[in-house]
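Positions are given from 1, in the same order as the sequence printed here.
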Amino acid sequence: MSAPELSVVVASVNGLPYLADCLEALERNAPAAEVVVADWTDEPTRTLVRERWPNVKLLSFDEPTTVPELRAAGIFAAQAPHVAVIEDHCDVLASWADRIISAHLDGHAVVGGSIRNARTRRLRDWAAFFCEYSAFMEPAPAGSVRGLPGMNVSYDREALAAIDDLLRAGHWESWLHPRLLERGFELWCDPEVVLDHAKDFGFVEFVSQRYHYSRSYAGMRNGELGWKRFVYALGSPLLVPLAYSRMARHVRARPAHRRAFRRSTPLILLYTMVWAFGEAVGYLFGGGRSILKVR
């Protein structure tokens with residue numbers, strides 16, 4: 001059997017049933033890929049993985065471990081020349097792996113694509129989707145782009161070497177991808193590299209996620225901002241109209257999502273206010289332990 005061209009790293013923080021659905025999709029749609037699961041959930045989840053998917057490389061973490069740290073651990077354990085990163089609430093589609101490999105073989109060092117919402121029944125799920133992934137909704141722009149999603153992206157070994165220190169420091173893609181652009185790498189988007197975002201967020205759960213994600217993000221920036229972090233804290237209310245207008249701009253380019261966006265606007269605005277508050281807290285008091293609560 002030939003060595004795989006692609007390794008797929010799954011950061012696992014949500015447990016079952018999400019991870020099982022994710023691995024079933026990989027088994028069905030990326031059967032030739034090496035799969036590495038970096039898990040910080042519970043023993044029942046890991047037992048199922050060992051029994052149902054014995055070929056999966058399972059990395060188990062009993063101590064609190066952040067999503068970026070899980071991603072990094074999986075990347076360092078991967079063996080293929082190209083390493084894709086997803087999360088346990090992501091289900092890859094039929095052509096996903098083939099399109100990634102094809103793009104890499106065409107010379108693209110960093111490849112990503114579209115995010116599709118698989119939870120469409122409730123407005124709160126649409127609101128969460130727009131807040132998280134509006135920039136990457138179908139159809140994503142084809143070609144060279146300025147940003148790619150952190151949970152639908154693949155790197156070759158040269159690109160990974162350029163961000164090695166940031167991976168080891170536990171940074172999000174908000175740091176990884178600008179570094180790659182600075183070093184002359186192109187971020188390549190293939191709209192057919194599609195996966196389903198399949199996470200059901202309860203209202204309280206997503207409010208908590210918005211707060212902890214934004215606080216941890218601001219806290220990570222404090223070292224580079226210095227005294228300017230206080231200016232950012234004071235300006236954090238401006239994030240609400242700025243973020244909403246950015247989302248609206250993305251939706252205008254995708255008419256199929258306009259009705260859902262209008263109907264979920266009250267929740268989007270609330271979630272965005274929570275984000276702005278979390279950033280303000282992070283700039284003033286640091287990230288605390290918020291990053292460990294991001295799912």
Side-chain angles (χ1 to χ4, degrees), residues 67 87 89 112-141 145-152 172-175 177-178 187 189 191 196-221 225 228-284 287 290-291 293-295:
V67 170
E87 292 175 8
H89 59 86
S114 305
I115 310 295
R116 189 170 72 180
N117 187 19
R119 296 291 182 263
T120 61
R121 185 172 58 88
R122 299 175 304 190
L123 288 180
R124 73 188 192 200
D125 291 322
W126 272 114
F129 176 75
F130 288 126
C131 287
E132 294 270 12
Y133 305 117
S134 66
F136 310 110
M137 297 182 296
E138 290 184 293
V145 295
R146 300 298 297 175
L148 290 170
M151 34 66 83
N152 187 19
W172 295 100
E173 65 274 7
S174 305
W175 280 262
H177 294 173
L187 306 184
C189 183
D196 279 341
H197 160 67
K199 178 78 166 70
D200 285 312
F201 278 111
F203 172 74
V204 174
E205 179 187 14
F206 195 69
V207 167
S208 172
Q209 286 296 292
R210 289 283 85 187
Y211 170 78
H212 288 300
Y213 194 169
S214 60
R215 180 177 179 179
S216 68
Y217 169 77
M220 283 186 175
R221 298 187 69 196
L225 289 174
K228 292 181 181 178
R229 72 184 192 273
F230 299 110
V231 178
Y232 278 73
L234 289 172
S236 62
L238 296 175
L239 288 171
V240 178
L242 288 173
Y244 182 79
S245 64
R246 188 180 301 120
M247 282 183 258
R249 185 171 65 252
H250 295 147
V251 171
R252 278 197 299 270
R254 297 153 172 102
H257 294 85
R258 291 176 184 174
R259 183 171 182 270
F261 184 74
R262 287 194 301 268
R263 295 180 65 212
S264 57
T265 282
L267 278 176
I268 292 171
L269 290 172
L270 176 60
Y271 292 155
T272 307
M273 285 188 283
V274 172
W275 177 279
F277 176 70
E279 278 209 21
V281 173
Y283 290 131
L284 292 173
S290 279
I291 194 171
K293 300 178 182 180
V294 175
R295 297 291 184 272

Participant: What pairs with R119 under salt bridge (charged side-chain N to carboxylate O under 4.0 Å, His left out), at least two apart in sequence or on another chain?
Facilitator: D200
Participant: To the nearest 0.5 Å, what is the distance between OH (Y133) and CD (E138)?
Facilitator: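 Nearest 0.5 Å value for the OH-CD distance: 14.5 Å.
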Participant: With W172, which residues qualify under side-chain hydrogen bond (donor to acceptor under 3.5 Å, both in side chains), at least two apart?
Facilitator: none
Participant: Looking at C189 and V145, what are the two nearest heavy atoms and their distance?
Facilitator: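 The answer is CB-CG1, 3.8 Å.
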Participant: Among all residues two or more places apart in sequence or in another chain, which pass the salt bridge (charged side-chain N to carboxylate O under 4.0 Å, His left out) test with R116?
Facilitator: D196
Participant: Can you name the closest pair of heavy atoms from V240 and A276 and give their distance?
Facilitator: CG2-CB, 4.1 Å
Participant: Quick check for you: to the nearest 0.5 Å, what is the distance between F129 atom CZ and I268 atom CD1?
Facilitator: 11.0 Å
Participant: Apply side-chain contact (heavy atoms from CB on, under 4.5 Å) to residues F136 and N152 and explain how you reach the verdict.
Facilitator: CA-CA 10 Å; F136 310 110; N152 187 19; over 6 Å; no
Participant: Among residues at least two apart in sequence or on other chains, which ones pass side-chain contact (heavy atoms from CB on, under 4.5 Å) with A280?
Facilitator: S236
Participant: Could you work out, with side-chain contact (heavy atoms from CB on, under 4.5 Å) as the rule, every residue matching L234, not counting sequence neighbours?
Facilitator: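 If we apply the side-chain contact (heavy atoms from CB on, under 4.5 Å) test to L234, skipping adjacent residues, there are no hits.
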Participant: Show me the pairs that pass salt bridge (Lys or Arg N to Asp or Glu O under 4.0 Å) and involve residues 228-250, at least two apart or across chains.
Facilitator: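 Salt bridge (Lys or Arg N to Asp or Glu O under 4.0 Å) check on residues 228-250 returns no pairs.
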Participant: Using ring-ring contact (aromatic ring centres under 6.0 Å, His included) as the criterion, list what pairs up with H89, not counting sequence neighbours.
Facilitator: H197
Participant: Indicate the atoms forming the closest heavy-atom contact of V67 with V294, along with that distance.
Facilitator: CG2-O, 3.6 Å
Participant: Which residue pairs pass the side-chain hydrogen bond (donor to acceptor under 3.5 Å, both in side chains) test with at least one member in residues 201-218, sequence neighbours excluded?
Facilitator: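 Counting only pairs at least two positions apart or across chains, the side-chain hydrogen bond (donor to acceptor under 3.5 Å, both in side chains) contacts touching residues 201-218 are E132-R210, K199-E205, Y211-R215, H212-S290.
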Participant: What heavy-atom pair brings A128 and F201 nearest, and what distance separates the two atoms?
Facilitator: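 Scanning both residues, the minimum pair turns out to be CB-CD1, 3.9 Å.
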Participant: CG/L123 to CZ/F130 distance, rounded to the nearest 0.5 angstrom?
Facilitator: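 Going from CG on L123 over to CZ on F130, the span is 9.5 Å.
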Participant: Should M137 and N117 count as side-chain neighbours, where that means a heavy-atom distance under 4.5 Å?
Facilitator: no
Participant: Between CG of L239 and CH2 of W275, what distance do you get to the nearest 0.5 Å?
Facilitator: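 Reported to 0.5 Å precision, the distance equals 9.0 Å.
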Participant: Tell me, do L267 and F206 make a side-chain contact under 4.5 Å, heavy atoms counted?
Facilitator: no
Participant: Listing request: all side-chain hydrogen bond (donor to acceptor under 3.5 Å, both in side chains) pairs with a residue in residues 264-274, at least two apart in sequence or in separate chains.
Facilitator: Y244-T265
Participant: Mind checking what makes side-chain hydrogen bond (donor to acceptor under 3.5 Å, both in side chains) contact with R295, not counting sequence neighbours?
Facilitator: none
Participant: Any pair with a residue in residues 255-284 that passes salt bridge (Lys or Arg N to Asp or Glu O under 4.0 Å), sequence neighbours left out, goes on the list, sorted by first then second residue, please.
Facilitator: none
Participant: Closer than 3.5 angstrom, by distance alone: can the side chain of W126 be matched with the main-chain N or O of T120 as a donor-acceptor pair?
Facilitator: yes
Participant: Nearest heavy-atom pair of L148 and L187: which atoms, and what distance?
Facilitator: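 Reported closest heavy-atom pair: CD1-CB, 3.8 Å.
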Participant: In chain order, what residues pass the side-chain contact (heavy atoms from CB on, under 4.5 Å) check against P139, with sequence neighbours excluded?
Facilitator: R254
